[in-house]
Trainee: 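One structure, pasted below without further comment.
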Amino acid sequence: MSIIDTLTKASGMDVFLREISDTNTYKPVAFSVQVRITDSKMGILLPEVFMPVAEKTAKAKQILLWSLKKCLTIMQNLTKRDIPFDFFALYCPETFICDVVAVEEFLTLVSDKNMLNLFAFYISPSLLISQNSTVNDNIVLLRSLGVRFIVLNFGCEGFPLSKVLKATFDMVVLDDFMVECLCGEEQEKNYATSIIDMAKKLGLTVIADNVKTPSTLQNVATLCPLAIGDFFGKYKKDRYVRRK
């Protein structure tokens, strides 16, 4: 069975959470959401396996809408357990953000509009240079309603830095290369610091990714208020999330 067949027929989708933590207090302030698909023949499929295929079809936006609905239930459960969080961050495929009907379906799904600010969407840097006007229109609309947008791979090779000057987003996740620079020699640190400072001066919150060790955390903490990585914990089911 091909991956696309699995996506078409899969019923074993589930949501996992990973803490986005404060780099000074180490306390979780938000959650990054990962969807996994379990197939009897192909086993557990992670997003890096199925999403590139799904994004070539309408399946990617269907997966997002399903996961958004699932997240609403999880949010309610965490609230009942007195576990605080600022937002849930989910990957947003281009097929969703350029689809007016899909965006309207999301807004209908979140019947309590006060909950819209609990959602954040990860977007690819490629969307910053999209020629599709609907993409920008939908981002502007959702941001006006409280939804936040987080650009991935900030500082990677080919990243359209000029688009940051007209930021229609709220946060950036550092590319692994940038994190490595912050942990490197003085020249590398200066390079990464200058780019991160530009983002911060524009009011963007910077998130360090792939933080695995105390030394990495120490190197990123002064510039990045938030971080994700094995140092803070792996993806887990919401029932295993504990108040810290």
Side-chain angles (χ1 to χ4, degrees), residues 16-24 26-36 44-55 60 86-94 120-130 148-165 167 169-236:
F16 290 75
L17 305 181
R18 192 175 203 180
E19 296 162 349
I20 302 175
S21 300
D22 186 299
T23 54
N24 290 311
Y26 299 176
K27 290 185 177 181
V29 297
F31 292 100
S32 184
V33 177
Q34 182 190 72
V35 177
R36 296 179 185 177
I44 298 175
L45 300 179
L46 299 179
E48 51 264 36
V49 174
F50 67 77
M51 194 53 76
V53 178
E55 289 196 87
D86 190 26
F87 60 87
F88 275 35
L90 303 90
Y91 177 69
C92 176
E94 185 173 359
F121 287 142
Y122 292 121
I123 58 174
S124 165
S126 63
L127 285 182
L128 301 183
I129 56 175
S130 173
R148 284 166 271 196
F149 282 83
I150 309 171
V151 178
L152 296 168
N153 303 121
F154 182 71
C156 68
E157 184 177 356
F159 190 95
L161 284 173
S162 62
K163 297 298 181 180
V164 177
L165 298 175
F169 48 93
D170 307 277
M171 309 179 199
V172 294
V173 176
L174 292 184
D175 186 71
D176 286 351
F177 169 70
M178 295 288 284
V179 175
E180 290 171 5
C181 284
L182 289 175
C183 299
E185 301 297 327
E186 195 66 25
Q187 188 174 6
E188 295 172 315
K189 288 182 180 180
N190 290 339
Y191 167 77
T193 299
S194 64
I195 295 177
I196 293 170
D197 280 344
M198 177 187 69
K200 293 175 70 175
K201 287 177 181 177
L202 292 170
L204 300 172
T205 299
V206 181
I207 305 172
D209 196 4
N210 204 26
V211 175
K212 297 180 179 179
T213 65
S215 61
T216 301
L217 177 60
Q218 184 178 5
N219 281 304
V220 304
T222 56
L223 291 168
C224 308
L226 301 176
I228 312 170
D230 289 352
F231 179 84
F232 298 105
K234 299 180 182 295
Y235 281 103
K236 66 188 77 172

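Computation of the quantities below employed the complete heavy-atom set of this structure, encompassing side-chain atoms and omitting hydrogens, waters and symmetry-equivalent molecules. Residue numbers count from 1 along this sequence.
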Trainee: Please list, chain by chain and in numerical order, all residues satisfying side chain to side chain contact (heavy atoms under 4.5 Å, CB included) with Lys27, sequence neighbours excluded.
Mentor: Thr25
Trainee: For a side-chain contact (heavy atoms from CB on, under 4.5 Å) with Arg36, tell me which candidate from Val49, Leu45, Leu46 qualifies.
Mentor: Leu46
Trainee: How would you list all residue pairs meeting side-chain hydrogen bond (donor to acceptor under 3.5 Å, both in side chains) that involve residues 217-226, not counting sequence neighbours?
Mentor: none
Trainee: Nearest 0.5 Å, please: how far is CD1 in Ile196 from CG in Leu182?
Mentor: 4.5 Å
Trainee: For residues Leu161 and Phe154, determine if any side-chain heavy atom of one lies less than 4.5 Å from a side-chain heavy atom of the other.
Mentor: yes
Trainee: Please examine the side chains of Met178 and Phe159, heavy atoms only from C-beta on, and report whether any two atoms are closer than 4.5 Å.
Mentor: no
Trainee: Take Glu157 and Phe177 through the side-chain contact (heavy atoms from CB on, under 4.5 Å) test and state the conclusion after the steps.
Mentor: CA-CA 9 Å; Glu157 184 177 356; Phe177 169 70; over 6 Å; no
Trainee: Which residues pass the salt bridge (Lys or Arg N to Asp or Glu O under 4.0 Å) test with Lys201, not counting sequence neighbours?
Mentor: none
Trainee: Holding to ring-ring contact (aromatic ring centres under 6.0 Å, His included), I want the full list of residues that pass it with Phe121, two or more places apart in sequence or in another chain.
Mentor: Phe96, Phe106, Phe149
Trainee: Take Phe88 and Phe31 through the test ring pair (Phe, Tyr, Trp, His ring centres under 6.0 Å) and record every step on the way to the result.
Mentor: CA-CA 5 Å; Phe88 275 35; Phe31 292 100; 5.7 Å; yes
Trainee: Side-chain atoms of residues 226-233: list all donor-acceptor pairs with protein atoms under 3.5 Å, sequence neighbours left out, distances to 0.1 Å.
Mentor:
unit_1	atom_1	unit_2	atom_2	d
Asp230	OD1	Arg18	NH2	2.4
Asp230	OD2	Lys234	NZ	3.3

Trainee: By side chain to side chain contact (heavy atoms under 4.5 Å, CB included), which residues pair with Pro52, not counting sequence neighbours?
Mentor: none
Trainee: Find out whether Ser124 and Glu94 are in side-chain contact, i.e. whether some heavy atom of one side chain is under 4.5 Å from a heavy atom of the other.
Mentor: no
